[in-house]
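The structure appears below as structure tokens.
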Amino acid sequence: MTPDVRDRPGRPARPDEAVAGRGIPEDAWDRAVRLIGGAREIGLACHVTPDGDALGSMLAVAFTLRSMGKRVVASFGDRHFAVPRLLRFLPGQDMLVPPEEFPFAPELMITFDSSTFDRLGLLGATAARAGEVIVVDHHPSGAGFGTLGLIDPRAAATAMLAEQLIYRLGGRLDRDIATCLYAGLVTDTGSFRHSSTTPAVHQMAARLVATGLRTDEIARELWDRSPFGYLKVLAAALDRVRLEDGVVWTYVTRVDRAAHGLPYAEIEGVIDVVRRTDEAEVAVVLKEDDEGAWQVSTRSKGAVDVGAACAALGGGGHHNAAGYTSRAGVEETMAALRRELGRA
Ligand code: AMP
Ligand code: MN
Ligand code: MN
């Protein structure tokens, strides 16, 4: 078999070879390339408390825009702006600014992995003021926002769409860009375990790995390390876990975290322990953030659409992984969620 051009590092794939992003009309890609080509300064934003897909996709595109000679700022709209420890290994963090330093009304803004203004946090209002907003995303879009959507819900990760955008801008993969995109791909496919892991996902992974990135180091940074206090907080959460009518659930309070100096972003992995329960179809973890609100994480094994349940409660997400914010108490929050799960 002749080696595919895409297998060689640093060579751009032809966009028409792409599988991800096929749901996006050609004229939308063309318009995005024209808008970006005509802009001098571009503001990039991803969803609050960014995960590997949000931050990785944004930084990968930021590298490309910078190499095109654009002035680039990238940010996310958290009140307490900090890159989650898990993601500090990502290259390109010098391009990040806190939301206060983001342009007030950018001529062009590009958003990543965010399906609503809300999910942009403090930068939602900025997006509403921007001249043009290109939305790069793979969530099943609800109301929709922005002036141009590069949205494909069939893409396993926003990183797949970011890769296509990079090629269409004439960019190519290097190790830094590939590291960012790979972080997005492995995060959203659960290390190639979820049903979203199509041949196109593995083909993209092959292109990325061919640049020489260290998959072992990335996996370790993302999943195989944590401060000692995490074990204590996990123990507290597991100690009060409950299994009720096929739903396994628990919660992590601010007090739990404070006792061990653990930042909010460090408890993201609790759901991955809880969801392994054979007897449960749905797993839920209520995570109390620094403001005292519950960030509700839900996971399904497939029979229940947790995305629909969370959307009904003001949040969103995918069929098998979704979330929302609740300001009610623990029991009240679970009662409301159980009601919606019954409908979903
Ligand atoms: P998480 O449980 O935080 O990993 O979130 C799982 C998925 O749910 C994310 O990929 C988002 O798509 C979605 N999600 C989580 N929290 C929210 C929220 N407050 N509003 C909308 N969607 C959310
Ligand atoms: Mn995300
Ligand atoms: Mn994503």
Side-chain angles (χ1 to χ4, degrees), residues 20-21 45-61 76-78 84 86-87 111-121 124 135-145 150-163 180-190 194 196-197 201 204 222-223 249-252 264-275 282-289 291 293-300 305-327 333 337 340 344:
C46 66
H47 68 68
V48 289
T49 45
D51 51 32
D53 193 31
L55 193 61
S57 300
M58 178 170 76
L59 290 174
V61 171
F76 44 91
D78 284 82
L86 267 57
L87 298 176
T111 69
F112 296 86
D113 205 38
S114 182
S115 56
T116 60
F117 277 120
D118 261 13
R119 290 282 284 156
L120 294 174
V135 175
V136 185
D137 187 31
H138 68 131
H139 290 92
S141 49
F145 76 107
L150 300 177
I151 301 166
D152 185 355
R154 286 179 309 176
T158 293
M160 298 186 85
L161 307 175
E163 186 202 17
C180 293
L181 293 175
Y182 190 82
L185 199 61
V186 291
T187 297
D188 273 29
T189 59
H194 300 340
S196 57
T197 310
V201 167
M204 176 174 168
L222 287 174
W223 297 296
W249 69 276
T250 188
Y251 57 94
V252 180
Y264 173 78
E266 295 282 346
I267 57 174
E268 209 182 305
V270 175
I271 187 77
D272 289 319
V273 182
V274 174
R275 74 185 169 87
V282 171
V284 182
V285 175
L286 315 189
K287 301 170 291 184
E288 190 179 12
D289 65 21
E291 268 81 50
W294 294 106
Q295 301 299 336
V296 182
S297 283
T298 64
R299 299 290 184 272
S300 166
D305 184 355
V306 291
C310 291
L313 293 161
H318 311 275
H319 186 101
N320 290 345
Y324 68 100
T325 305
S326 167
R327 288 174 206 286
T333 297
L337 178 56
E340 290 305 331

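The structure displayed is predicted, hence computed values, not measured ones. Atoms within a ligand are numbered from 1 in the order they appear, just like the ligands themselves.
Counting only heavy atoms from C-beta outward, the side chains of Asp53 and His138 approach each other to under 4.5 Å. Contact annotation: the side chain of Glu163 approaches that of Met204 to within less than 4.5 Å [non-hydrogen atoms, C-beta and beyond]. Contact of the Thr333 side chain with the Tyr324 side chain is registered, since non-hydrogen atoms from C-beta on lie closer than 4.5 Å.
The two residues Asp78 and Val48 make their nearest non-hydrogen contact at OD1-CA, 3.3 Å. In this structure, Arg299 and Ala321 approach most closely via the heavy-atom pair CD-CB, 3.8 Å. Of all heavy-atom pairs spanning His139 and Pro153, the tightest one is O-CG, 4.2 Å. Between Val201 and Leu185, the closest heavy-atom pair is O-CD2, 3.6 Å.
As for Asp188, its N/O/S atom nearest the Mn ion (ligand 3) is the one called OD2. For Asp53, the N, O or S atom with the smallest separation from the Mn ion (ligand 3) is OD2. Nearest to the Mn ion (ligand 3), among the N, O or S atoms that His138 has, is NE2.
To the nearest 0.5 Å, atoms CG (Asp113) and CE (Met58) are separated by 10.5 Å.
Expressed to the nearest 10°, the angle at the Mn ion (ligand 2) joining OD2 in Asp51 with OD2 in Asp113 is 130°.
The Mn ion (ligand 2) lies under 2.8 Å from an N, O or S atom belonging to His47. At a cut-off of 2.8 Å, Asp137 does not coordinate the Mn ion (ligand 3) through any N, O or S atom.
For atom 21 (C) of ligand 1, the nearest protein heavy atom (residue, atom name, distance) is Gly316 N, 3.1 Å. At the top of the distance list for atom 4 (O) of ligand 1, counting protein heavy atoms only, stands Arg299 NH2, 2.9 Å. The shortest contact between atom 20 (N) of ligand 1 and any protein heavy atom is with Arg119 CD, 3.3 Å. Remark: minimum distance from atom 3 (O) of ligand 1 to any protein heavy atom is reached at Ser297 OG, 3.7 Å. Scanning the protein for heavy atoms near atom 15 (C) of ligand 1, the closest one is Gly323 CA, 3.5 Å.
With a 4.0 Å heavy-atom cut-off, ligand 1 is reached by no atom of Glu268. In His139, the part holding a heavy atom less than 4.0 Å from any atom of ligand 1 is the side chain.
When each of Glu288, Gln295, Lys287 is checked for a side chain to side chain contact (heavy atoms under 4.5 Å, CB included) with Ile267, only Lys287 meets the rule.
Counting atoms of ligand 1 from 1 in the listed order, those under 4.0 Å from a heavy atom of Gly317 are 8 (O), 12 (O), 13 (C). Near Gly315, meaning under 4.0 Å from one of its heavy atoms, ligand 1 places the atoms 20 (N), 21 (C).
The backbone N or O of Arg119 lies less than 3.5 Å from no partner atom in the side chain of His47, so there is not a single donor-acceptor pair. Under the 3.5 Å distance criterion, the side-chain polar atoms of Asp305 are left unmatched by any main-chain donor or acceptor of Ala344.
Taking only nitrogen or oxygen atoms, main chain and side chain alike, Gly314 does not reach within less than 3.5 Å of ligand 1.
Not a single heavy atom of His47 lies less than 4.0 angstrom from ligand 1.
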